Each structure stands twice: as C-alpha cells, then as structure tokens.
Amino acid sequence: MFAVLGAFSAQTPLLTLSEISRRTELPLTTTHRIVGDLTATGALERGVDGRYRIGLWLWEVASLAPRSVGLRESALPFLEDLYEATRHHVQLAVLDGPEVVFLERISGRNAVHVFTRVGGRLPAHATGVGLVLLAHADRDLQEQVIAGPLKGFTEHTITDGAVLRRVLAAVRRDGHAISDRQIELISMSVAAPVFGPDDAVVAALSVVVPHGEHDPMALVPTVRAAARGVSRALGAPVTLPRSVRRVSWQGD
C-alpha cells in the first residue's frame, strides 16, 4: 500500500491503474486489489477519466502529525507578520534526515519563483532553512551529510563537505543563515531557528527574495524576530538575541 501511495508525486498527481502498476513494479492484479482497498477508505480517489489521485482522507491523517499541527498553528501568525513586512515568500520547515520538509508557505503574487511547496522536500545543505536545521542537528546526521554526496543545483550550491562544515559552524555562532542562489540563480533566502520548550531547535523559518534586490543583512533582524515569536509561542525559554553577523555562501 505504501508503494502504491508513493507512486504519486507533485509531478504525477494523476495516475492510471497501469501506470501505478509500472511505477510500483507490482502485478496488475495486485495493484488493482490494493488500489481498490485504498479507494474504499478514501486514501485514493478515482476520477471520471479513470485516473487516481491522493484522497482527502490521507490529508486528514497527515494533519495529525505532531510536528505539523501545533507547530503550524503556533507559527502562522508570525509567518503572516513576516510576509506583511516583506511581501515575499515566507516558509516554515522541519528536518527529516538529510532533507527538509516544508510545512507551510505564504506567497505573494509578484514574489520570486521558488521550487518549494507545502509537503515538498529539498536537500538540507542547499537551503537556508536546511542550513539552520543541520547546524543544530545530531552530530551523526551532520557528519553523514558532510560526507556527501552533496547535490548541486547551481554553481553556488555547497557541494564541498569542508565548506559545509564551516558554514554550519558559522550558523550556530550567528543564529541565522543566508543561502544565496543555491537552488536557483534568481533567489536567496534568509533563515533563522525556531526553538521548542526544551530549548532545542524544532524548525526553521525563512523569507525568500530575489537575488540582488535586497540586502540580506537588512532582513536578518525581521526574520529572527519572527522566529523568536514562534519560539515563545511554543514555550521556549526567553533568551536575549545574540549579535547579528553575516553567514552567507557565495559559491567562491
């Protein structure tokens, strides 16, 4: 069943029975039985054209994930404030292994293009939120990511483990990250950590702006203020903000 559900993606949200069978490498008869069961429970929905898509029941189940519900509800007012202050994409993400999963995004009509979507994933080393989360992750996970391979998206993506190690140390020191043109050449992001009740980093938020149109350091105080607001809402201990120093990867 998980293999069938995993056959769907943002690029292929609608699939025929035969396409599901090919993608999962399951016999057609087995696929037909499993798809029937999933459709009966509402995990899949069948359209009038005979193609299947993910059903609302799965969304209901997913909304119960503990790292999603309370975190999103606590963060939304501050994400909205950050969006109003910048009028650019605002994102909330958590770490899942070497990748980040985006729990929320608020977008403006004229904001720069981004690949992220709610529920989508990206390699942590190539994003602002990912650098923040990796910097505060378990040492074993950090070393795993640093050991590579590190996927490159542009010539500015961090693909060298030694460089990544230095960047993560700087993020821990300064309390924010600036990811410049790592995913697309037209954008950069400014990110800050969100702390939970035990003062551990539980998420990261960021704003994504067009490259070259903004001084990222001018955005750092606003992003950090939003992150501190979410942290307080989650019950994190109140701490004084540290001095702001630049953390940026320029690809050279």
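Keep in mind it's a predicted model, so treat the numbers as computed, not measured. Sequence positions, counted from 1, serve as the residue numbers for this chain.
A side-chain donor-acceptor contact under 3.5 Å links Asp198 to the backbone of Ala200. Of the possible donor and acceptor atoms, none in the side chain of Gln91 sits under 3.5 Å from a partner among the backbone N and O of Glu104. Side-chain N or O atoms of Thr157 include none that pairs as donor or acceptor with a backbone N or O of Thr159 at under 3.5 Å. Using a distance-only test at 3.5 Å, with no hydrogens or angles considered, no donor-acceptor pair links the side chain of Ser74 to the main chain of Leu71.
Note that the CZ atom of Arg51 and the OG1 atom of Thr12 stand 10.5 Å from one another [nearest 0.5 Å]. Leu103 contributes atom CG, which lies 10.5 Å from atom CG of Leu76 (distance to the nearest 0.5 angstrom).
Proximity of Leu15 to Arg23: side-chain heavy atoms (C-beta onward) are separated by under 4.5 Å at one or more points.
Residues His89 and Ser107 bring a donor and an acceptor atom of their side chains to less than 3.5 Å of each other. Of the N and O atoms on the side chains of Gln182 and Ser179, at least one donor lies less than 3.5 Å from an acceptor on the other residue.
Between Arg165 and Glu143 there is a salt bridge, since a side-chain N of the basic residue sits under 4.0 Å from a carboxylate O of the acidic one. At a threshold of 4.0 Å, the pair Arg87-Glu84 counts as salt-bridged, since one of the basic side-chain nitrogens sits closer than that to a carboxylate oxygen.
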As a quick check of understanding, evaluate side chain to side chain contact (heavy atoms under 4.5 Å, CB included) for Tyr52 and Val35, giving each step before the final call. CA-CA 9 Å; Tyr52 293 88; Val35 167; 3.4 Å; yes
